[in-house]
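In what follows, a structure is listed as structure tokens, so that the remarks can point back to it.
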Amino acid sequence: MKKRIVLYKRLSDALLAKLEEQVEVTWVDTGAADGLARLRDALPGAHGLLGASLRLGSELLDLAPQLEVISSVSVGVDNYDVADLTRRGVMLTNTPDVLTETTADTGFALILAAARRVVELADWVREGKWQASLGPAHFGTDVHGKTLGIVGMGRIGEALARRGAAGFGMRVLYHSSRARPEVEARHAARYCSLDALLAEADYVCLTVPLSASTEGLIGARELGLMKPEAILVNIARGRVVDEAALIEALQRKRIRGAGLDVFVQEPLAADSPLLQLDNVVATPHIGSATHETREAMARCAVENLLSALAGQRPPNLVNPI
Ligand code: NAP
């Protein structure tokens, strides 16, 4: 008999067909009004779950005594209590690597947009305000040749370092849980303390996972160490930054600006003070959101799930059990 899975992320027809060849699929639209109720109904029979952007707490997991694997369509696993899953003997898998380059592209899109005021000035043109040639009031700041500070030198951090060093002739500083000599050799990057990075970088880019050690990593003190002309880019998770402190620093122009793809509360409320600020570029968590990358992530998640349910060790197992 086929094992049963609950799918809560839409898949392409080809991937859905591949799944359905091997498992019985129950689709649940967690965004629908009755989504949570339907999920609760489906959990008791589920051997696997495949989806993303859903916090699966113990109250939901208790409903799924047969659960063998959760295949998350994401690299970040901050939505899960990994230790609890391990205790329950539930495998957790993620989708690293396939989204690295796209997410680094997003990081650079935010660096460039914030530095060159792309969104603000494009809106200005659209509003019919471009009536004469520009003066210094509308100038931005350079990216090439500046100092890029990367906080979290992992996969995405290194992809940013490569773009910065090779593409934009930037000096690359990084802070991470450990020094990465091979990355230093490849991109002439220099390891330093977080405080030193904040004090020297023109662009501070966050690429750490959200964890107990990174929650609130960038608060008022850290923002105070940044140069007034520096720009903060967050493509990690919203809670890595103390958002209230960031809003204050931006309002007071303690730093030049911010490019933000992630927020404490997502979707970001339309009345967020961040959206009142010209020096903020806010995107709706688009880090990996391209057709190609989302399909590659979904394919990876399907492979992880099917391999786990076949009794094999899945390729991207987060919690070896
Ligand atoms: P990764 O390869 O694991 O890189 C994370 C790096 O951060 C690692 O080098 C890690 O060091 C380091 N680190 C962990 N805790 C730290 C701390 N307290 N202080 C300093 N460094 C620390 O992960 P990745 O694939 O690059 O992804 C990073 C994160 O980006 C994900 O977890 C996810 O939250 C976020 N992300 C966001 C989007 C988006 O849509 N905006 C898309 C993809 C990913 P060790 O390896 O030594 O622990």
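First listed ligand is number 1; within each ligand, the first listed atom is number 1. Throughout, numbering of the chain's residues begins at 1 and tracks the sequence.
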* Asked: Ser288 near ligand 1, heavy-atom distance under 4.0 Å?
  -> yes
* **Lys/Arg N to Asp/Glu carboxylate O, Glu59 vs Arg40, below 4.0 Å** => yes
* To do: Decide whether the shortest distance between a heavy atom of Ser211 and an atom of ligand 1 is less than 4.0 Å.
  => no
* Relative to atom 30 (O) of ligand 1, which among Ile156, Thr106, Asn79 owns the nearest non-hydrogen atom? -> Ile156
* Is it true that Asp261 lies under 4.0 Å from ligand 1, counting heavy atoms only? -> yes
* **Side chain, backbone, both or neither: the part of Val75 lying under 4.0 Å from ligand 1 by heavy atom** => side chain
* Examine the proximity of ligand 1 to Met153 and report which part, side chain or backbone, both or neither, has a heavy atom under 4.0 Å away. => backbone
* To do: Would you please say whether a donor-acceptor pair under 3.5 Å links the side chains of Thr86 and Asn319?
  => yes
* Could you tell me which non-hydrogen atom of Leu15 sits nearest to which non-hydrogen atom of Ala298, and how far apart they are? => CD1-CB, 3.6 Å
* Taking heavy atoms and a distance under 4.0 Å, where does Thr207 meet ligand 1: side chain, backbone, both or neither? -> backbone
* Polar side-chain atom of His285 near backbone of Val262 as donor-acceptor pair, under 3.5 Å -> no
* Structure fact -> ligand 1 atoms nearer than 4.0 angstrom to some heavy atom of Ile235 are 35 (C), 36 (N), 37 (C), 38 (C), 39 (C), 41 (N)
* **Gap separating the CD atom of Glu200 from the NZ atom of Lys227, nearest 0.5 angstrom** => 7.5 Å
* Looking at Asp105 and Arg163, does any basic side-chain N land under 4.0 Å from a carboxylate oxygen? -> yes
